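Because the structure is predicted, anything quoted here is derived from the model rather than measured. Chain A is the first sequence line, chain B the second, and so forth, proteins listed ahead of strands; every chain is numbered from 1.
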Amino acid sequence: MKRYLLLSDGTILTGESLGAKGASVGEVVFNTGMTGYQEILTDPSYSGQLVMLTYPLIGNYGINEDDEESDRIQVAGLIVKEACEIPSNWRATKSIHQYLDENGIIAIQGIDTRALTKSIRSAGVTMGVICDDIEEGQSRLSASAKYDDIDFVEVVTTQSSYKWGPAGKEPMSEPDDPQRLKLAVLDCGLKFNILRRFWRSGCRPIVFPSTATAEEILSWNPDGVLLSPGPGDPQRLDHVTKTVQGIVGKKPIFGICLGNQMLCQAVGGKTFKLKFGHRGGNHPVKDLSTGKVTITSQNHGYAVDPESLPPDLARVTQINVNDGTVEGIELIGCYAKSIQYHPEAAPGPWDSRPYFQEFTDQMRLFKR
Amino acid sequence: MRVLVVGSGPIVIGQAAEFDYAGTQACKSLREEGCEVILVNSNPATIMTDPNVSDRLYIEPLNVDFLERIIAKERPDALLPTLGGQTGLNLATELSDQGILEKYQVRVLGTPLSAIKKAEDRESFRELMKQIKEPVPESWIIRSEKDLEDVLDVVPYPCIVRPAYTLGGTGGGVAKTKSDLWEIGRKGLRLSMRSQIMVERSLLGWKEIEYEVMRDSKGTCITVCNMENFDPMGVHTGDSIVIAPSQTLSDLEYHMLRTASLKIIQSLGIEGGCNVQLAFNPESFDYYIIEVNPRVSRSSALASKATGYPIARVAAKIAIGKTLDEIENQVTGTTKACFEPALDYCVVKIPRWPFDKFVTGDRTLFTQMKATGEVMAIDRSFEAAFMKAIRGLEVRQKDLRHPKFQAMTDEDLEAAIIQPTDDRLWAIVDGLRRGWSDAKVNKLCKVDRWFLRKLQVLVNVEQSMINVCQQDNDAETTDIADVIKRAFLVGFPSPTIRSLMVTSTSSAEYAALVEQHIEEQKVLPVFKMVDTCAGEFESQTPYYYGTFESEGDKPLLASSAPTE
């Protein structure tokens, strides 16, 4: 069956249906990773976005029980060239078709994704709608708010606090483990692999909703605080900035992606929107102190403005080799570091995994 | 700096034109950096021996005597041995062992010779893998019947028995049971000149995956490309159909194997390019490191062309001390060599064997390479890339039909699917054409079912063309148009479409209609760019492939539509 992708500039692309029926509006972005569609679909940072994958053959290895990054599919829609109907992989339990259908997610295939990538590259990200009916799509597109004007964090954050154990989520009543370090996680759009990696490095994560105050978090007396990734414009998140300000200097802080931007805002820095963001698993990042370059997994549409950082409070530690944008900052005079990319990978390269151990070790030092 | 570059000599199986390609790139790359290049090669039929590629050229035999004289005369500062295949590497090792490099104060550029030795010597490599906890296939050295008896209950079955020091591996074999091993093992012990056999875990049927990786002197590591072999373990990768990037690995699996590959080049201290081959269990996360080539290899040439990333060029610059983030990515012109190419297409390589010249040659394939060349094809789908590669082979078959297999009994065809040969792919397709399920064919050949289902798609399209043909007079014009369009999309060439759709019994009107639709459809392909970054950045490189899609990257002249 025919299906359409309409863009806010009036472009109409015709493809074939994939997943559920209907219409779904979102910001059209592209990701250049060649694997990892299940992780991308369930990454809360893609909330409100129609994600286009530039690799043309998607769904080859199916969907499995283990590679979920949150409780549900988070993207507003999916755009691909070709979706594989019968997957081949020993862990696969269903096809991407079934997965999208069961979860009511609308997607489109048969799109010349390279042509669309090039148009986004030159014109920047844009709003769009995937729909079965052009008229309905057009009215939905014109009626809906712009991506930057929506608060997605309140949609994706956990409704109530929970703890993380070897089998996943646990109620808050479960005891802490004296052998493990207490890591408070401020959930603005968390990926499970962050919790899995911190568990592996010796932490007991306690996850708080994005609305938690600094007092609430500190009342648990954590050994460190993690600022999670998350969707949307960081400038909308004044309450989170305030929470971070209340923690700075009191506990070691590590920030990932949105966490990097929150740490920046906590010291008065500013963020800005990139033309088409960084989304993929091949971004080179240079550590300014060692000169070493690492290949990283990225998913962000906003970046820290280095000029806006007060030089007495914070400094840039890492930059992107391709476009020179900020990839990491640290505060001066206390332990608070953050990176703009994803050390938890899932999807993407594992080269930055040492950060989990490094921060855990730092928490242990601070505890003493 | 004066740099001596050693070419690869005559073209032989396993060491062909790819080293000319790599060497030429390296010479140009070194000269860009201001080096004076002194080239030695005995093969005049190479690009690298063109006068404008090097500064000084010696057409001389590639052996220590001649090289020493050249070194004495030219007094180079350094020697770059890792781009001339095994020949260059062996020569550098000999020059070093005989103290000639030391005598004339020539330093070796790129990966240190000690690291190369470590990667190539079986025992020291196994030792290193043990240290860094990367798995190598378990093996047992057996020196007596007593030893053999002791391992009967220990080894995993099936296992491979390799007698030491026998000619051509006589007396070896695959043992499926304890009694097999007892029989084959005792025979092997008798046949081995030193009464020694090695018993090794069999990985037959496992997926074979390769990673092309690079490392600079600062320790920065990247993956240029990974590749999945269509033929599972048991066929030399030079004799296997290879697909880039891997198609059936999940993100977790892809990065588990990538991480292992990078750990290996880090521990070896490679400075340049390196190829890592892994065997991957299709039913679990288990994998083994099979082989590491600590230099630019045949796979590097394929990976370079598959991704647009110039491995030899970058390797040469790394060898003279540049780091990946200092080297420009020539393809985009805007980014650096320190990134990992993102592909937005599928690449299929099919080897080319010389059996049309050697008609009595043994066409079976195993772990010793027989192919003399290869073709590569790029498209936006596996089907189209695969069909294109078949046409590139310049063999009699231009599509998926092969009379030899079409004439076989089911029994013979099963045997032809089990035994890897140069033309097995047509046997596999014919099995699918007979209605055998992909599960059944997979059981016979162990080729991943994803690939088999893609071949099934092609067989179905073939069948739909035949079906329309059989309806002939009743066929709707839209049906004919749709079938032809679909056939073009998945890569069928127009002569095949014509021969499948129009037969001697077809009506003239129908034949004309088919012809008209073929003419209409075949002018539609566009040319898309191989740009290393999946369209993320604007790129400079004029490197294209044709595909049936909406928009090309190359402005097409009206007259430049492809014809056959």
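Both the backbone and the side chain of A:I86 come within less than 4.5 Å of a heavy atom of chain B. Contacts between B:L324 and chain A at a heavy-atom distance below 4.5 Å are absent for every atom of the residue. No part of A:A345 comes within reach of chain B, as not one of its non-hydrogen atoms sits under 4.5 angstrom from that chain.
Residues A:L5 and A:L116 are in side-chain contact: their nearest non-hydrogen atoms beyond the backbone lie under 4.5 Å apart. The shortest distance between side-chain heavy atoms of A:V29 and A:I120 does not fall below 4.5 Å. Within the 4.5 Å cutoff, side-chain heavy atoms of A:C131 are placed close to those of A:L6. Using a 4.5 Å cut-off on side-chain heavy atoms (C-beta onward), A:P87 and A:I96 make no contact. Using a 4.5 Å heavy-atom cutoff, the side chains of B:M214 and B:I311 are in contact.
The candidate from B:C338, B:G219, B:C533 with the greatest count of non-hydrogen atom pairs under 4.5 Å with chain A is B:C338. Comparing B:F339, B:F382, B:F537 by heavy-atom pairs within less than 4.5 Å of chain A, the highest count is held by B:F537. When the candidates A:I295, A:I111, A:L13 are compared by the number of heavy-atom contacts under 4.5 Å with chain B, A:I295 comes out ahead.
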Counting backbone as well as side chains, what donor-acceptor pairs lie under 3.5 Å between chain B and chain A?
| residue | atom | partner | partner atom | Å |
| --- | --- | --- | --- | --- |
| B:Q247 | O | A:N60 | ND2 | 3.3 |
| B:Q247 | OE1 | A:Y55 | OH | 3.2 |
| B:Q247 | OE1 | A:N60 | ND2 | 2.9 |
| B:Q247 | NE2 | A:Y55 | OH | 2.7 |
| B:T248 | O | A:N89 | ND2 | 3.0 |
| B:S250 | OG | A:R91 | NH2 | 3.1 |
| B:D251 | OD1 | A:T35 | OG1 | 2.8 |
| B:D251 | OD1 | A:G348 | N | 3.3 |
| B:D251 | OD2 | A:G348 | N | 3.1 |
| B:E253 | OE1 | A:N89 | ND2 | 2.9 |
| B:E253 | OE2 | A:W90 | NE1 | 2.8 |
| B:H255 | ND1 | A:G348 | O | 3.3 |
| B:H255 | NE2 | A:G348 | O | 3.4 |
| B:R258 | NH1 | A:D351 | OD1 | 2.7 |
| B:R258 | NH2 | A:D351 | OD2 | 3.1 |
| B:D325 | OD2 | A:K286 | NZ | 2.6 |
| B:E340 | O | A:N282 | ND2 | 2.8 |
| B:D344 | OD2 | A:R114 | NH1 | 2.9 |
| B:R380 | NH2 | A:T113 | OG1 | 2.8 |
| B:D448 | OD1 | A:S88 | OG | 2.5 |
| B:W450 | NE1 | A:N60 | OD1 | 3.2 |
| B:R453 | NH1 | A:I86 | O | 3.2 |
| B:R453 | NH1 | A:P87 | O | 3.3 |
| B:K454 | NZ | A:E82 | OE2 | 2.6 |
| B:K528 | NZ | A:D112 | OD1 | 2.8 |
| B:K528 | NZ | A:D112 | OD2 | 2.9 |
| B:D531 | OD2 | A:R114 | NH1 | 3.1 |
| B:D531 | OD2 | A:R114 | NH2 | 3.0 |
| B:G535 | O | A:R121 | NH1 | 2.8 |
| B:F537 | O | A:R121 | NH1 | 3.1 |
| B:E549 | OE2 | A:K81 | NZ | 3.0 |
| B:S550 | N | A:D112 | OD2 | 3.3 |
| B:S550 | OG | A:D112 | OD2 | 2.9 |
| B:E551 | N | A:D112 | OD2 | 3.1 |
| B:E551 | OE2 | A:K118 | NZ | 3.4 |
| B:D553 | OD1 | A:K118 | NZ | 2.4 |
| B:D553 | OD2 | A:R114 | NE | 2.6 |
| B:D553 | OD2 | A:R114 | NH2 | 3.0 |

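Summarising the geometry of B:G491 relative to B:M387, their closest heavy-atom pair is O-CB, 3.2 Å, with the distance given to 0.1 Å.
Taking CG of A:L190 as the reference point, atom CZ of A:F192 lies at 7.5 Å (rounded to 0.5 Å).
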